[in-house]
Amino acid sequence: MEEEFLPRTKEQYEAMKTATRNKIHSAAIKLFAKKGFAATNVQDIAEGAGISIGLMYRHYKTKEDLFNELVSYAATGLEKIAEKFQSDESPIELIRQFTLEILNDLVKNDAFAELLMLMNQSSTMEHPSLQIQYLNEQSEAMLNQTTRLIEKGQKLGQFKQGNASEMSFYYFASLQGLAMIKLTMRNRYITPSLKIVTEFLIKDYRD
């Protein structure tokens with residue numbers, strides 16, 4: 001067991017601590033996505049991570065603490081996306097790059113889809129923590145920045161004309177829908193091409 005290994009240096013200790021947290025995060029996201037936050041308990045997460053319940057509690061006192069940490073990571077990710085969409089790069093290239101990253105993630109494993117499920121659960125909680133409130137703020141900021149990016153692309157003649165806010169919502173709804181289908185269909189899931197996902201937006205689409 002990991003808790004029986006005694007690290008000899010501070011570096012070894014930190015590496016072991018990080019490795020254990022990564023196992024906990026991975027197990028927790030899978031369980032929260034599959035069973036929901038309320039139905040998942042600390043014992044489930046410890047077993048999923050392959051660690052003892054005692055070691056689990058040394059890292060997180062409650063599952064709420066763990067959930068909020070995962071939410072914080074998700075919020076940081078959304079913040080980075082919004083910042084990326086504010087860059088001086090071509091709007092069409094930014095959309096293509098980001099969409100390809102998401103589609104590739106869906107091909108590789110369920111991690112992205114499971115993270116989206118966790119984010120959806122957090123947004124519906126009756127008494128959101130400060131971390132969840134921040135996640136909701138970043139989600140709104142990302143949507144707003146995507147709308148501005150689409151408007152910029154429309155002015156440059158890269159994107160089709162239309163209500164940019166509606167197009168932004170449709171774009172993310174499409175990606176989110178693919179992620180949810182990935183979790184339910186498993187091996188039957190087929191990742192669509194970049195062209196299919198973005199053809200509603202990109203003007204005179206060419207491969």
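Scope of the values below: all heavy atoms of this structure, side chains included, with no hydrogens, waters or symmetry mates.
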Verify the cluster assignment for Val107 and Ile181: are they in a single hydrophobic cluster under the rule of side-chain heavy atoms below 4.5 Å apart? no
ILVMFWY cluster, Ile202 and Leu156 together (side-chain gap under 4.5 Å): no
Locate the shortest heavy-atom distance separating Ser72 from Gln131; write the atom from each residue and the value. OG-CG, 3.2 Å
Is a side-chain N or O of Thr147 found less than 3.5 angstrom from the main chain of Leu143, in a donor-acceptor match? yes
Quickly, which of Asn22, Thr18, Ile24 forms a side-chain contact (heavy atoms from CB on, under 4.5 Å) with Thr20? Name it, please. Ile24
Ring pair (Phe, Tyr, Trp, His ring centres under 6.0 Å) filter on Phe67, not counting sequence neighbours, yields Phe32, Phe37
Is Leu194 close to Arg96 at the side-chain level, that is, under 4.5 Å between some pair of heavy atoms? yes
So which atom in Ile132 and which in Ser122 form the shortest heavy-atom distance, rounded to 0.1 Å? CG2-O, 3.2 Å
Do the side chain of Ser123 and the main chain of Asn120 share a donor and acceptor less than 3.5 angstrom apart? yes
Taking only residues two or more places apart in sequence, or in another chain, which ones meet Tyr57 in a ring pair (Phe, Tyr, Trp, His ring centres under 6.0 Å)? none
More than 12 heavy atoms of other groups within 6.0 Å of Tyr170 OH: no
Keeping the roles fixed (side chain from Lys182, backbone from Asn187), state whether a donor-acceptor pair exists under 3.5 Å. no
Would you say the side chain of Pro192 lies within less than 4.5 Å of the side chain of Leu178, judging by non-hydrogen atoms? yes
Say whether Asn68 and Ser129, considering side chains only, have a donor N or O and an acceptor N or O under 3.5 Å apart. yes
Please name the pair of heavy atoms, one in Ala27 and one in Gly48, separated by the smallest distance, quoted to 0.1 Å. CB-C, 3.6 Å
Looking at Thr62 and Asp65, would you say the former's side chain and the latter's main chain have a donor-acceptor pair under 3.5 Å? yes
Ignoring hydrogens and angles, tell me if any N or O in the side chain of Asp44 forms a donor-acceptor pair with the backbone of Thr40 under 3.5 Å. no
CZ (Phe85) and NZ (Lys80) are apart, to the nearest 0.5 Å, by 15.0 Å
Calculate, to the nearest 0.5 Å, the distance between atoms CD and CD1 belonging to Gln176 and Ile102 respectively. 11.5 Å
Does either side chain, that of Gln158 or that of Ser90, offer a donor lying less than 3.5 Å from an acceptor on the other one? yes
Quick one: sort the Phe98 and Tyr171 rings into parallel, tilted or perpendicular, breaks at 30° and 60°. tilted
Determine whether a donor-acceptor pair (N or O, by modelled atom type, separation under 3.5 Å) exists between the side chain of Gln154 and the backbone of Gly162. yes
May I ask you to test the Leu78-Met119 pair for a side-chain heavy-atom distance under 4.5 Å? yes
To the nearest 0.5 Å, atom CG of Asn41 lies from atom NZ of Lys63 at 7.0 Å
Does a donor on one side chain and an acceptor on the other come within less than 3.5 Å for Gln133 and Glu137? no
Here the gap from Ile92 atom CD1 to Leu149 atom CG, rounded to the nearest 0.5 Å, amounts to 10.5 Å
Is Arg186 salt-bridged to Asp110, cutoff N-O under 4.0 Å? yes
Indicate yes or no: does Glu114 engage Lys34 in a salt bridge with an N to O separation below 4.0 Å. no
Heavy-atom check, side chain of Leu106 versus side chain of Leu175, under 4.5 Å: no
Leu201 side chain reached by Met167 side chain, heavy atoms, under 4.5 Å: yes
Flag if over 12 foreign heavy atoms under 6.0 Å of NZ, Lys35: yes
Rounded to the nearest 0.5 Å, the NE2 atom of His59 sits from the NZ atom of Lys23 at a distance of 10.0 Å
Starting from Leu116, can I reach Tyr134 by hopping between I/L/V/M/F/W/Y residues whose side chains sit under 4.5 Å apart? no
Counting C-beta onward and ignoring hydrogens, is there a side-chain heavy-atom pair between His25 and Tyr73 closer than 4.5 Å? yes
If you take all heavy atoms of Ala113 and Ala179, which pair is closest and at what distance? CB-O, 3.2 Å
Can you find a pair of side-chain heavy atoms, one from Gln97 and one from Lys84, that are under 4.5 Å apart? yes
Look up atom CG in Leu70 and atom CG in Leu115, then write down how far apart they are to the nearest 0.5 Å. 8.0 Å
Would you say Glu69 and Arg21 make side-chain contact, with heavy atoms under 4.5 Å? yes
Linking I/L/V/M/F/W/Y whenever any side-chain heavy atoms sit under 4.5 Å apart, do Leu94 and Val197 land together? yes
Working for side chain to side chain contact (heavy atoms under 4.5 Å, CB included), residues Met142 and Phe172: CA-CA 10 Å; Met142 182 189 67; Phe172 282 107; 3.7 Å; yes
Between Met56 and Ala46, what is the shortest heavy-atom contact and its length? CB-CB, 4.0 Å
What's the verdict on side chain to side chain contact (heavy atoms under 4.5 Å, CB included) for Met117 and Gln121, showing C-alpha distance, side-chain angles and the deciding distance? CA-CA 6 Å; Met117 183 72 80; Gln121 290 180 33; 3.7 Å; yes
